[in-house]
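In what follows, a structure is listed as structure tokens, so that the remarks can point back to it.
Reminder, nothing fancy here: chain letters follow the sequence lines and each chain counts from 1.
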Amino acid sequence: MSAQRPVTIAFDVMGGDHGVLEVVKGAAQLTLDSPNVHGLLVGDRALIDQALTQVKYTAERLAVHHAPDFVAMHEKPAVALDARPRCSVMVAAELIRDGEADAMVSAGNTGAGVLACARAFKLIPGVRRAALATVYPTAVSRGEKNDPFSLILDVGATVDASADDLVAFAVMGAAYARIISKNPDPAVALLSNGTEASKGPARVVEANQKLSVIKGLRFIGNVEGVDIPKGTADVVVCDGFVGNVCLKMLEGVSETVIELARYAYKEKLLWRAGLAMLSSGIERIKEVTDWEQYGGAPILGFDRLFIKAHGRSKARAITNAGKVAAKAVKSDLTKVIQDALPGA
Amino acid sequence: MTLPDRIDPRPPKKIYRWDLDKTYLQTEFDTLRQLVRTAMQKAHEKKAVPGAAALIRELRASGDSRLCIVSGSPTQMRAVLAEKLKLDGVEFDELVLKDNLKNLVRGRFKALRGQVGYKLPVLLKSRAHAPVEAEEVLFGDDAEADAFIYSLYADMVARRVSEPVVHQVLQAAEVYENDITAVMKVWESIPQADPVTRIFINLDRLTTPASFAHYGPRLVPIFNYFQAALVLMADGHLAAPQVLKVMVDLVQSAGHNLFTLSNSLQDLIRRGLPIAQVAQRLSEALQGPQAMLQVVRPVPDIIAAFTKRAASLGAPPAPAPVKDIDYLSLLDHARPRTHKKRRIE
């Protein structure tokens with residue numbers, strides 16, 4: 001009997017905004033869509049049992065691992081993980097460390113997920129700090145799949161990154177874009193306050209010099225904030241502090257635009273008519289920039305992969321996060337990153 | 001051979017009743033094209049559900065059982081189906097097929113699709129000729145009304161269901177009045193017993209197991225025949241080496257592996273089936289000397305996988321209380337799947 005393990009994705013079923021059912025549903029759907037992928041549901045067994053009474057699944061490719069605790073969204077990660085070491089996200093990370101699964105998907109507390117990875121996984125040789133990557137909709141699409149998203153990293157895992165960290169982030173982001181977006185030669189840029197190589201803090205300038213000489217990496221230099229939505233670069237690199245501020249600002253802008261549209265809709269009949277005429281176009285934009293199709297944001301830099309699904313993720317986003325994780329595992333993303341790092 | 005054996009075969013201690021399509025055979029007949037293709041298939045082209053033939057062979061190995069097959073396939077397919085079973089090494093005692101040509105000629109159109117009006121009388125008539133003490137295990141699937149029909153049959157023989165309820169159920173299932181009379185008559189002739197110990201429903205359509213909770217713990221929805229073999233081992237129908245033979249068949253014929261099998265085992269434990277002891281006995285049997293089992297080695301990996309999956313569930317929940325089946329509330333289950341009144345999936 002073949003003992004070669006199929007790709008197994010551990011799903012932390014606790015902590016998402018929509019509860020256990022959506023995560024279980026998404027994981028079950030993944031195993032139905034992809035016969036060579038198995039799901040391992042980690043969380044409260046009673047809640048998982050309850051969810052499985054409402055979900056179509058195949059028992060052959062879905063297993064359950066009971067974890068008695070979980071970390072809520074509002075909790076401080078370190079405090080919660082210390083107080084409840086058997087929480088679902090920690091148990092899931094340990095199962096991956098022990099070879100029971102290959103990658104993790106969680107829609108729960110991001111900090112707890114990253115910390116669980118840091119405690120259970122090892123960093124890839126040559127990587128000093130992990131990076132949280134996210135996708136952002138852009139004006140241009142890219143790669144074999146015509147993805148209308150660029151990848152931004154780091155958006156919060158490493159607040160104070162050195163020049164070498166930024167170089168590692170660039171290499172990791174490019175490898176991820178190659179594998180997941182099927183973009184064979186992604187354009188990589190550093191986020192700065194000017195496009196000139198000399199612009200920005202010392203670590204950005206130094207990173208620029210180092211990235212310019214890395215073979216096999218299409219480094220296009222520095223980009224400014226305005227270039228992110230334009231899609232000038234496929235991979236935008238920054239430290240976690242800048243990335244997080246930038247991401248929150250971009251989210252804030254889009255929320256404000258929606259609020260303004262709502263206001264306009266209520267305020268004047270003419271404006272309402274205008275919005276109605278634009279509605280099909282707006283729907284189309286929503287379709288092409290639907291974040292659920294991307295599933296989640298990867299934490300890059302560890303020897304095992306963690307896909308952080310959005311807290312608001314419903315079943316479809318969870319399924320897609322699992323697919324992304326399985327694809328990364330099958331493509332041996334960790335090895336690809338390791339081989340691409342300077343000095344490898 | 002003793003004198004009585006020569007005069008009359010030994011009465012069976014166990015009766016295994018099987019449906020064919022989607023239970024024993026991998027059949028697709030959801031569209032007209034699939035229906036035609038199924039009808040035209042030759043015996044060697046038909047595929048059995050992985051593990052089904054191996055399970056039947058092991059169940060029959062003790063020699064004190066009967067295999068009774070009742071299928072909705074037309075009588076015209078008898079030769080092909082009998083040949084297929086022979087090819088698979090499955091020896092049957094009864095093979096009852098549906099005479100739809102007769103229904104068509106007589107203008108009994110409701111009987112063409114109806115399952116209850118066909119299967120229930122067949123089961124009851126067969127039971128009427130069985131020894132009172134013979135235990136029964138039934139195998140069906142989730143494509144039609146097997147769970148309903150098998151449960152009703154079991155409770156009719158055990159007299160757990162009243163005559164007015166049966167009458168109401170048969171009327172709701174659009175069974176012709178003369179067939180209802182015939183059912184009632186044959187039921188009357190059957191001595192009261194409680195022979196049906198287990199009903200297996202093969203989840204061909206991946207219906208959620210919880211959908212069958214109304215039928216109580218006697219009915220076990222299964223994702224594969226390894227799960228059935230495990231439960232049958234716990235029920236005393238199979239020994240550990242026989243379950244391993246079913247397991248080997250699934251590995252060889254359907255690409256199952258350590259992980260699909262251990263997940264299947266865990267699924268049963270999670271659903272509250274009492275098979276934890278079975279897993280232990282199976283692990284012991286795996287360490288036996290049978291050469292055939294080389295195919296499922298390495299043994300330590302298998303034992304570890306089974307143990308790990310069983311242990312990872314934590315404390316089991318309290319079993320659900322057993323209640324009598326309320327057939328009147330399940331009438332939808334008795335109607336053909338395509339029936340406009342049927343609303344279950």
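At a 4.5 Å heavy-atom cutoff, B:Leu250 makes no contact with chain A through either its backbone or its side chain. Heavy atoms closer than 4.5 Å to chain A are found nowhere in B:Ala311, neither backbone nor side chain.
When side chains are defined from C-beta on, B:Val231 counts as touching B:Phe200, because their heavy atoms get closer than 4.5 Å. Taking 4.5 Å as the limit, some side-chain heavy atom of B:Asn263 sits within range of a side-chain heavy atom of A:His38. Looking at heavy atoms from C-beta onward, B:Pro221 lies out of side-chain contact with B:Thr207 at the 4.5 angstrom threshold. At a threshold of 4.5 Å between non-hydrogen side-chain atoms, the residues A:Ile179 and A:Val336 count as touching. Taking the side chain as every heavy atom from C-beta outward, A:Gln29 and A:Leu32 approach each other to under 4.5 Å. Between A:Ser181 and A:Tyr176 the shortest side-chain heavy-atom distance does not fall below 4.5 Å. Within the 4.5 Å cutoff, no side-chain heavy atoms of B:Asp249 are placed close to those of B:Lys245. Using a 4.5 Å cut-off on side-chain heavy atoms (C-beta onward), B:Phe212 and B:Ile201 make contact.
Judged purely by atom type and a 3.5 angstrom limit, A:Asp303 uses its side chain to pair as donor or acceptor with the backbone of A:Lys122. In this structure, the side chain of B:Asn202 engages the main chain of B:Lys22 through a donor-acceptor pair within 3.5 Å.
Between A:Lys323 and A:Asp33 there is a salt bridge, with a side-chain nitrogen of the basic residue lying less than 4.0 Å from a carboxylate oxygen of the acidic one.
Interface with chain B: from residues 19-27 of chain A, no residue qualifies, criterion being any non-hydrogen pair under 4.5 Å. By a heavy-atom distance cut of under 4.5 Å, A:Glu100 are the residues of residues 82-108 of chain A near chain B, going up by number. For residues 44-68 of chain A, heavy-atom neighbours of chain B at less than 4.5 Å comprise A:Arg45, A:Asp49, A:Leu52, A:Thr53, A:Gln54, A:Val55, A:Lys56, A:Tyr57, A:Thr58, A:Ala59, A:Glu60, A:Arg61, A:Leu62, A:Ala63, A:Val64, A:His65, A:His66, sorted by residue number.
Every residue two or more places apart in sequence or in another chain was checked for a salt bridge (charged side-chain N to carboxylate O under 4.0 Å, His left out) with B:Asp141, and none qualifies.
Contact count versus chain A (heavy atoms, under 4.5 Å) is highest, among B:Gly255, B:Ala305, B:Gly314, for B:Gly314.
The number of heavy atoms from other shown groups lying within 6.0 Å of NZ (A:Lys330) is above 12.
In summary, the side chains of B:Tyr24 and B:Asp88 do present a donor paired with an acceptor at a separation below 3.5 Å, with no hydrogens or angles considered.
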